[in-house]
Amino acid sequence: MEQISPDTSAPPQRLIRDKFVDRMWWCVCSYCMVVIPLVIWREAALGGGLTRMAPVTALSVLTIAVTPIRQRLPQVVRQGLPPALLALGGLAGLYSYGLQGSGMTAVIFGSVCAITVAPLRTGVAAVALIWLAVIMIAISYVRGALQAPFGVEFASSAVNWVGTVTTTILLTVYLSAAIADYQRSTGLLLRKVERQRDQIAALANHDALTGLPSWRLARDRLEMACSQAVRTHTRVAVLFIDLDGFKAANDSCGHQAGDLALRAVAQRLLEAVRTTDTAARIGGDEFLVILNGVEAEAAALRMAEKIIAAIATPIRYQERQLHLGASVGISFFPEHGQSSEILLEHADQAMYRVKRSGKNDYAVFHDA
Ligand SMILES: Nc1nc2c(ncn2[C@@H]2O[C@H](COP(=O)(O)OP(=O)(O)OP(=O)(O)O)[C@@H](O)[C@H]2O)c(=O)[nH]1
C-alpha cells in the first residue's frame with residue numbers, strides 16, 4: 001500500500017500538491033529541453049533569428065538551470081514558474097505564429113497547472129489574464145494587425161509539424177501523468193480520511209476493553225428493535241445487568257484481573273444471546289442485553305437465568321478463581337416505556353430492587 005508521505009508534520013493536501021508541482025516541474029523542464037532546439041530550428045528555417053521567442057527561450061534556459069536546486073527555491077517561485085513558463089511560452093507562440101504552432105496547447109496546460117497549484121482566487125485571476133491575452137492576440141490576427149511570419153508553405157513543412165506535434169505530445173503525456181498521480185494521491189488521502197472516520201465511529205460506538213457496543217450504539221439498536229416490535233406485534237426485553245462482587249475481585253486481585261473478568265463476562269453474554277440480540281457494556285461493571293421480538297415474558301426470564309448462571313461460573317485468573325454474580329433488572333417494550341431512556345431507567349430500577357433484596361437474581365420492573 002503506497003504511503004502518501006512518511007513526513008507526517010506537513011498537511012496531506014500540501015504534500016500532494018508538492019508532489020504534483022515536482023512532476024509538473026519535470027514536465028516543463030523536459031518540454032523546455034525539446035522546445036529550445038525546435039524554436040531555434042524553426043526560427044533558423046524562417047531566417048528570422050531568435051527575436052520573437054528570445055524572452056521565452058531565456059526563461060526556459062533559466063528553468064532548466066535551476067531544476068537541480070528547485071527544492072530550495074521559495075515556494076511561490078517553485079509553484080509559479082512552471083505554469084508561468086507554459087502560459088508565457090504559449091502566448092509568445094500564439095503571438096508569433098498564430099495557430100500554426102503549439103502555442104494553444106501550452107496555454108491550455110499552463111492554465112490547468114495554474115488553477116491546480118495556486119490558491120483558487122489567484123488561479124482564476126491568472127487564467128482570466130492568460131485567456132484575455134489569447135483573445136486579444138486572436139482579435140489582432142482576425143483584424144490583420146498581426147500576421148504569422150510564414151505562409152502555407154512553411155505551415156505544411158516538416159519542421160513546423162515536428163515542432164507542433166512533439167511539444168503537444170510531450171505536454172499531454174507529462175501533464176496527464178501528473179494529473180493522474182494527483183488524483184490518485186487525492187483518492188488515497190480520501191480513503192485514509194474515510195478509514196479514520198470509520199475508526200472514530202467504531203471507537204465511539206464500542207467499548208475499548210470488551211469490544212461490545214457502547215450505550216450509544218445499544219440505544220440505536222434498542223430504538224430499531226422497538227420499531228420492529230411495533231410492526232411484528234412482539235415485545236422487546238431490556239436486561240440491565242450489574243455485576244455483584246466485582247469491586248472485591250478488583251481490589252483483591254488487581255485491576256488487570258478486573259479487566260480480564262469484564263472481558264470474560266462480555267464473552268459469556270455474547271455466547272448466551274442470539275446473534276440478532278444485543279449485548280452491550282454501558283458502564284464500569286454494568287452491561288445491557290436487548291432481546292428482540294420477544295413473544296412471551298417467560299423467554300426473557302429464562303435468558304436472565306441463563307446469564308446469571310453463565311456469570312456465576314468462576315473466572316480463572318493466574319492461580320486464582322474470581323467469583324462474580326449478576327443482578328438483573330428487566331423492562332419490556334411497550335408496557336414499561338416508549339423510549340430507550342425510560343426503558344433503561346426502569347430496568348435499572350428493577351436491578352436495584354434485586355441488589356437491595358440480596359443480589360444475584362433477576363426482577364421485572366413494576367410501577368408499584
Ligand atoms: N478493572 C476494571 N475495573 C473497573 C472498570 N470500570 C470500573 N471499574 C471498577 O468497578 C467497580 C464497580 O464498583 P461496584 O459497582 O461498587 O462493584 P460491586 O462490588 O459489584 O458492587 P455492587 O454493584 O454494589 O454489587 C469499581 O471499583 C470501579 O473502580 C474497568 O474498566 N476495569
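Order of listing sets the numbers, starting from 1, for every ligand and every atom in it. What you are looking at is a predicted structure, and each value in this text was computed from that prediction instead of being measured. Side chains are part of it too, since the values below use all heavy atoms of this structure and drop only hydrogens, waters and symmetry mates.
Between K359 and D242 there is no salt bridge, since no side-chain nitrogen of the basic residue lies less than 4.0 Å from a carboxylate oxygen of the acidic one. K19 and D22 are not joined by a salt bridge, as no carboxylate oxygen comes within less than 4.0 angstrom of a charged side-chain nitrogen.
The nearest protein atom to atom 25 (O) of ligand 1, hydrogens excluded, is given as K355 NZ, 2.8 Å; this is a heavy-atom distance. Of the protein's non-hydrogen atoms, K247 CB, 4.1 Å is the one closest to atom 13 (O) of ligand 1. Counting only heavy atoms of the protein, atom 28 (C) of ligand 1 lies nearest to N250 ND2, 4.4 Å. Remark: minimum distance from atom 14 (P) of ligand 1 to any protein heavy atom is reached at D285 OD2, 3.9 Å. Looking only at heavy atoms of the protein, atom 20 (O) of ligand 1 is closest to L243 O, 2.7 Å. In this structure, atom 23 (O) of ligand 1 lies nearest to the protein heavy atom D242 OD1, 2.9 Å. The nearest heavy-atom contact from the protein to atom 24 (O) of ligand 1 is K359 NZ, 3.9 Å. Of the protein's non-hydrogen atoms, G284 CA, 3.4 Å is the one closest to atom 7 (C) of ligand 1.
In the vicinity of G258, heavy-atom distances shorter than 4.0 Å reach the ligand 1 atoms 1 (N). Every atom of ligand 1 is numbered from 1 in the order shown, and the set under 4.0 Å from a heavy atom of G245 is 19 (O), 20 (O). Interface atoms of ligand 1 facing D259, defined by a heavy-atom separation under 4.0 Å, are 1 (N), 2 (C), 30 (C), 31 (O), 32 (N).
A donor and an acceptor atom, one from each side chain of Y362 and E305, are located under 3.5 Å apart. Between the side chains of R281 and H206, no donor N or O sits under 3.5 Å from an acceptor N or O.
The aromatic rings of F365 and H346 sit parallel, their planes meeting at an angle under 30°, below the 60° perpendicular limit.
Heavy-atom distances between Q256 and ligand 1 stay at or above 4.0 Å for every pair. At a 4.0 Å cut-off, at least one heavy atom of R281 sits close enough to ligand 1 to count as contact. Taking a 4.0 Å cut-off on heavy atoms, E286 fails to register as neighbouring ligand 1.
Among the atoms of L209, none of the N or O lies under 3.5 angstrom from an N or O of ligand 1. Polar contact with ligand 1: present for F246 (N/O pair, distance under 3.5 Å).
The cluster map of Ile, Leu, Val, Met, Phe, Trp and Tyr, joined by side-chain heavy atoms under 4.5 Å apart, puts I308 and I311 in the same cluster. Tracing side-chain contacts under 4.5 Å through hydrophobic residues (I, L, V, M, F, W, Y), one never reaches L288 starting from L269; they form parts of separate clusters. Under the 4.5 Å side-chain heavy-atom criterion for grouping Ile, Leu, Val, Met, Phe, Trp and Tyr, L146 is connected to W131 within one hydrophobic cluster.
For the pair R235 and F333, the NZ or CZ position fails the cation-pi test of under 6.0 Å to the six-membered ring centre and within 45 degrees of the ring normal.
Between the N360 side chain and the A326 main chain, a donor and an acceptor come within less than 3.5 Å of each other.
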